[in-house]
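In what follows, a single structure is set out as structure tokens and then discussed.
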Protein chains: 2
Amino acid sequence: MDDPGDELLDRAFLALADPARRRIIARLSRGPATVNELAEPFEISKQAVSKHIQVLEQAQLVTRTRDAQRRPVHLDPARLEALTAWIDQYRLVREGQFRSLDAVLKSLAADSGKQSHESAKDPS
Amino acid sequence: MDDPGDELLDRAFLALADPARRRIIARLSRGPATVNELAEPFEISKQAVSKHIQVLEQAQLVTRTRDAQRRPVHLDPARLEALTAWIDQYRLVREGQFRSLDAVLKSLAADSGKQSHESAKDPS
DNA sequence: TTCTTAATCAACCAGTTAGTTGATCAAGAG
DNA sequence: CTCTTGATCAACTAACTGGTTGATTAAGAA
């Protein structure tokens, strides 16, 4: 009953449900950074930032390496893709309500012109 | 300093960070449903499901209408798109680290001009 | 009117999260 | 060795989350 992928989705979405962690993601998208570097633009303590990074790490959104005393944090875009993959399952399905579908239309070319979808897929 | 759109992102990601609410989203992607219908596959009480729907509603992921005593819940895909829009800002940026891009490549067909420059500013 | 159904409101409880401060560990530098 | 830097660990608090049960509102049906 427990989909093992569920917990990872839980952690990932929860990790992004915090503006500080989203800012950390944004910063890491420009390259790896240490805890001190990440903590600098925030008013919160370094320990608090370290906890945020732990949350991101448990969600597998970032990884940490070693460099002498420093522990540089790297963004792992693969997990971000898992989130968009989940969302993309649903953001299109009710055709009466969508808006800008540009990117998705090509990946749904097989399903064009219909509004019924008998997908027996039951994720999360 | 605080982006007002931030709070909506907070709520939306937090709303999705729960398997029950993701199942509700999945169910609603197949059409509107009442609270009782949504509560049926769960073991939790109807009140708990009602709370979940409130969370989704505050995140503007769903809307509620009125039909006699029933209050059918509808999925609002627009907000899901806002989430993918946020993620898409970052999921590709570090070219040296990506992994499986299969699904993404087609949606980036128009973006073919961008490629990597090897870590120009990063001491390793 | 009374009865049933659909759903929310209110109060409460257990577990978790985000933040703090202070101590500790690990790796160089002197 | 000692000292400094980078980062984590430990303990604690305040606030929030997810769930419960019981009462209440709202709309029809009898």
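Numbers restart at 1 for each chain; the letters A, B, ... are given by sequence-line order, proteins then strands.
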CZ-CZ distance between Arg27(B) and Arg23(B), expressed to the nearest 0.5 angstrom
11.5 Å
Here the gap from Arg22(A) atom CZ to Trp86(B) atom CH2, rounded to the nearest 0.5 Å, amounts to 6.5 Å
When you measure from the side chain of Arg79(B) to the backbone of Glu81(B), do you find a donor-acceptor pair of N or O atoms at a distance under 3.5 Å?
no
Rounded to whole Å, please give me the gap between CG in Leu56(A) and P in dA18(C).
10 Å
Once you round to the nearest 0.5 Å, how far does NZ of Lys46(B) lie from CD1 of Ile44(B)?
13.0 Å
Does a nitrogen or oxygen in the side chain of Gln54(A) sit under 4.0 Å from OP1 or OP2 of dA7(D)?
no
May I ask you to evaluate whether Asn36(A) reaches the phosphate of dT5(D), defined as a side-chain N or O under 4.0 Å from OP1 or OP2?
no
Backbone N/O of Thr65(A) and side chain of Arg71(A): donor-acceptor pair under 3.5 Å
yes
Please enumerate all protein N or O atoms sitting under 3.5 Å from an N or O of nucleotides 19-25 of chain D, with distances to 0.1 Å.
from, atom 1, to, atom 2, distance (Å)
dG19(D), OP2, His52(B), NE2, 2.3
dG19(D), N7, Lys51(B), NZ, 3.4
dG19(D), O6, Lys51(B), NZ, 2.2
dT20(D), OP2, Ser45(B), N, 2.9
dT20(D), OP2, Ser45(B), OG, 2.8
dG22(D), O6, Gln47(B), NE2, 2.8

Figure out the CD/P separation between Glu7(B) and dC16(D), and round it to whole Å.
12 Å
Between Arg21(B) and Leu14(B), is there a donor-acceptor pair closer than 3.5 Å when you use the side chain of the first and the backbone of the second?
yes
Taking Glu37(A) for the side chain and Thr34(A) for the main chain, is one N or O donor matched with an acceptor at less than 3.5 Å?
yes
Nearest atoms (heavy-atom pairs only) where Leu83(B) meets Ile87(A)
CB-CD1, 3.7 Å
B/S/- contact track for nucleotides 25-30 of chain C, protein heavy atom under 4.0 Å
--BS--
Over how many whole Å does the gap from Arg11(A) atom CZ to dT17(D) atom C1' extend?
16 Å
